[in-house]
Amino acid sequence: MGTYKQITPEIIQKDIRYLELLSHNFPTIAAASTEIINLEAIMNLPKGTEHFLADLHGENEAFQHVLRNASGAIKRKVNEIFGNTLRESEKKEICTLIYYPEQKLQLVKEVETDLVDWYIITLNQLVKICQNVSSKYTRSKVRKALPKEFSYIIQELLHESSMDPNKQAYINVIISTIIDTYRADDFIVAMCNLIQRLTIDSLHILGDIFDRGPGPHIIMDTLCNYHHFDIQWGNHDILWMGAASGNNCCIANVLRLAMRYGNLSALEDGYGINLLPLATFAMETYANDPCTCFVPNIDQTVSPYNDKTIRLIAQMHKAICIIQFKLEAEIIKRRPEFEMEDRLLLHHIDYANQTITINNKKYPLRDGLFPTIDPENPYKLSDEEKDIVQKLHNSFTRSEKLRKHMKCLFQYGCMYTVCNSNLLFHASMPLNEDGSLKEIDILGKKYKGESLLKCIGQLIRTAYFAENENEEKNFAIDYVWYLWCGKNSPAFDKSKMATFERYFIDDKETHVEQKGAYYILRDREDICDMILDEFGVEGEHRHIINGHVPVKAMKGEKPIKANGKLMVIDGGFSKAYHSETGIAGYTLVYHSRGFQLVQHEPFTSTQRAIEEGLDIKSTTQIVEMSTKRMMVKDTDKGKELAIQIKDLKKLLIGYRTGIVKEKSV
């Protein structure tokens, strides 16, 4: 009763307008009391399990599998529940069924001789697993996650114990009736999907959904329909946001990366981007050019492309590369405040001798054939190139699917998030060499730390959403490209993006991209604490969580830094990074007992996962465990519920003192 005594009539009178509004939702003493009891109960449940993933880079099959197996959590639960009562092969079968119910059911029907018996055993097993994963949630929350057509039946099965002899016959009849009415398949699918959903309470994606892999559009489709998630924009996401906003430099970079990794299907099939004008132009312009520097970076032993198509992609790759350099020059010249004049390289080429001079040093070019460049005016687009740029611009800005995915990125995404004492951002926090926050000039105003990320987030939204063509929108569209490759961009934070050098110069000295001070200083605990303070992150155990820079696990690099204050969870989902990292991604799991880092081995294929039960091999390391279990009341959600409870208590006293009148129901 202590909290009630603190609520005086004066306090109620002060909040009377708000309490009158609240009374519409809880019109009686009984309604307000019931809600207080409900919220207090929720506060004392274990916190939901959060999963953190970064740098998915279009690897949709691996991403889907990690979601389906909850980063190995479902397999662990199956082992805990059934232990030695099931053989390993049987546990593998039930796991595969949970991950891929529709496909696994088809395979079972082809080999199972007594399907009714299989249904009975399997349904009972799924009920046990579902009871386990739903135990930390309220019945109300579980009910909201249930498919409507089976809601009542699943509720009955979840909340009745088969250990009670009076209930065993009841449960058996429910299961046998499901089978007799030919609903077993649909019911199994519903149960498996529910297990997947309840095992992951919320999902945090720390950027870079796009580029390199074949299915960013499939990942976005999954996220758009996911029950609870947020996104911290990465540099590759921002690049696509810039392309959707109509920035031609961003469009050219998106296309160049697609050609580099041979991912034309994501553009053509995923987003309906018309690549025919670029293909036609490239075939004609580079008909006699071997384009050896532009052969796509793909494993040709498993590539869907024949030699002729690979040659065409290489030609398109070179064509869009040259167009990109010309387009970027326009912004660099238009925006001297970006300080990127060192990226203007085409006028330093000696076209006759096929060399380039950079910083007073001459380098031979790996490829010196430039049929579309006028040495007297190297940054001028040809008429054909202008026409291609306009057609590509129209294709990107008019894509309905891309528009839908951008809406999702803006609705659920931002530059950073603070959640349960964790600060999430994709890449960097610009710092000076002494460790202080670096001030960045944007339109004549200085920003640093949190204000910088807020300002940048607003600029990205202005670029996409502002309807009127004015200087603010034009600057914002240019700035989105700067965020992709500018030295003071928190999404990039390197001295340069050495795109030209990597393609055209053998000397690796020219390829070096000097990282900003953050990447060096973030190993220090005091620096992490300073950044956490800047963002107002509180709590005994608080952390920064990043992606962006692949952790080279095979060389002994650790993802946990700064005495546990920083976690870098880019483990290389992208196949292009597997040889560099030695693994195939991380999932950081934050449950009621603490943090665990799950390290994934490369995923073979969905088909083999279904047919052979091949799961992703994952190893788990404990990052930080607590002796005290974390409850909902200890989370950000708990703070919100505590405020709601306090307001409801005010309403309750208002009713009882007559200051607020109960409503007729």
Side-chain angles (χ1 to χ4, degrees), residues 207 232-235 237-239 241-242 245 247 249-250 328 330-344 410 413-418 423-466 468 470-497 513-522 524 526-538 542 544 546 548-549 566:
Q232 292 70 54
W233 301 326
N235 53 322
D237 307 317
I238 292 169
L239 183 68
M241 293 159 92
S245 301
N247 183 302
C249 291
C250 293
E328 288 177 336
E330 293 177 10
I331 294 184
I332 293 168
K333 291 176 180 179
R334 182 165 63 241
R335 304 290 178 191
E337 62 268 37
F338 289 175
E339 298 179 346
M340 293 182 69
E341 290 79 7
D342 63 316
R343 294 293 83 210
L344 298 175
F410 280 108
C414 53
M415 287 297 295
Y416 75 96
T417 298
V418 176
L423 171 61
L424 321 180
F425 57 89
H426 174 68
S428 172
M429 182 61 52
L431 299 175
N432 296 308
E433 288 184 9
D434 64 1
S436 58
L437 292 166
K438 190 174 188 180
E439 287 192 327
I440 308 300
D441 188 295
I442 301 175
L443 289 174
K445 287 185 69 176
K446 303 280 189 184
Y447 300 90
K448 63 180 180 179
E450 186 177 21
S451 68
L452 174 64
L453 296 198
K454 283 183 175 178
C455 173
I456 286 171
Q458 190 55 53
L459 281 171
I460 296 171
R461 292 179 190 278
T462 298
Y464 187 78
F465 289 109
N468 297 327
N470 53 36
E471 179 49 35
E472 183 184 10
K473 181 177 174 71
N474 291 337
F475 175 84
I477 289 174
D478 284 352
Y479 200 81
V480 173
W481 168 76
Y482 176 84
L483 290 170
W484 160 247
C485 57
K487 63 182 178 182
N488 287 323
S489 162
F492 180 64
D493 196 13
K494 295 180 185 177
S495 58
K496 65 181 180 183
M497 188 174 282
E513 300 169 347
Q514 195 70 41
K515 292 178 181 176
Y518 174 77
Y519 299 111
I520 300 162
L521 298 173
R522 67 181 183 176
R524 284 171 42 186
D526 62 319
I527 295 294
C528 291
D529 278 327
M530 179 273 293
I531 294 170
L532 289 163
D533 288 342
E534 162 69 15
F535 284 81
V537 182
E538 299 175 339
R542 56 182 190 163
I544 296 171
N546 290 161
H548 188 61
V549 180
L566 174 71

Engineer: For Arg542 versus Val537, what's the shortest heavy-atom pair and its separation?
Structural biologist: NH1-O, 2.7 Å
Engineer: Would one find more than 12 heavy atoms of other residues, nucleotides or ligands at under 6.0 Å from atom CD of Gln514?
Structural biologist: no
Engineer: When the ring planes of Phe338 and Tyr479 are compared, do they come out parallel, tilted or perpendicular, using 30° and 60° as the limits?
Structural biologist: perpendicular
Engineer: Would you compute the distance between atom NZ of Lys494 and atom CG of Asn488 and round it to the nearest 0.5 angstrom?
Structural biologist: 15.0 Å
Engineer: Tell me the closest heavy-atom pair linking Gly435 and Leu521, and the distance in Å.
Structural biologist: CA-CD1, 3.5 Å
Engineer: Quick check: do Trp233 and Leu483 have side-chain heavy atoms less than 4.5 Å from each other?
Structural biologist: no
Engineer: With heavy-atom distances below 4.5 Å as the criterion, would you say the side chains of Met415 and Ile238 are in contact?
Structural biologist: yes
Engineer: Phe535 vs Phe425 aromatic rings, parallel, tilted or perpendicular, using cut-offs 30° and 60°?
Structural biologist: parallel
Engineer: Specify the closest pair of heavy atoms between Cys250 and Asn247, including all atoms of both residues, with the distance to one decimal.
Structural biologist: N-OD1, 3.0 Å
Engineer: Return all side-chain donor-acceptor pairs below 3.5 angstrom for residues 442-452, not counting sequence neighbours, or 'none' if the list is empty.
Structural biologist:
from, atom 1, to, atom 2, distance (Å)
Glu450, OE2, Tyr416, OH, 2.7
Ser451, OG, Lys448, N, 3.2
Ser451, OG, Lys448, O, 2.8

Engineer: Mark yes or no for whether Arg461, through its side chain, and Phe410, through its backbone, hold a donor-acceptor pair below 3.5 Å.
Structural biologist: yes
Engineer: Could you list the donor-acceptor pairs under 3.5 angstrom formed by side chains in residues 427-434, with sequence neighbours left out?
Structural biologist:
from, atom 1, to, atom 2, distance (Å)
Ser428, OG, Asp493, OD2, 2.5
Asn432, ND2, Ser436, OG, 2.9
Asn432, ND2, Leu437, O, 3.4
Asp434, OD1, Ser436, N, 2.9
Asp434, OD1, Ser436, OG, 2.6

Engineer: Any side-chain heavy atom of Cys485 sitting closer than 4.5 Å to one from Met340?
Structural biologist: yes
Engineer: Are Lys438 and Tyr518 packed together at the side-chain level, in the sense that at least one heavy-atom pair is separated by less than 4.5 angstrom?
Structural biologist: no
Engineer: Can you name the one residue among Leu566, Ile527, Val418, Ile544 that meets side chain to side chain contact (heavy atoms under 4.5 Å, CB included) with Leu532?
Structural biologist: Ile544
Engineer: Under 6.0 Å from the CD atom of Glu337, do we count more than 12 heavy atoms belonging to anything else shown?
Structural biologist: yes
Engineer: Is there a side-chain contact between Asn546 and Arg522, using heavy atoms and a 4.5 Å cut-off?
Structural biologist: yes
Engineer: Enter the distance from Ile332:CD1 to Glu341:CD here, rounded to the nearest 0.5 Å.
Structural biologist: 7.5 Å
Engineer: Would one find more than 12 heavy atoms of other residues, nucleotides or ligands at under 6.0 Å from atom NZ of Lys333?
Structural biologist: yes
Engineer: Do the side chains of Ser489 and Asn235 get nearer than 4.5 Å, heavy atoms only?
Structural biologist: no
Engineer: Can you tell me which residue pairs pass the salt bridge (charged side-chain N to carboxylate O under 4.0 Å, His left out) test with a partner in residues 474-487, sequence neighbours excluded?
Structural biologist: Arg334-Asp478, Arg335-Asp478, Glu339-Lys487
Engineer: Would you name the heavy atoms of Phe492 and His548 that are closest together and state the gap between them?
Structural biologist: O-NE2, 4.0 Å
Engineer: Do you know which two heavy atoms are closest between Glu513 and Lys496, and how far apart they sit?
Structural biologist: CG-O, 3.2 Å
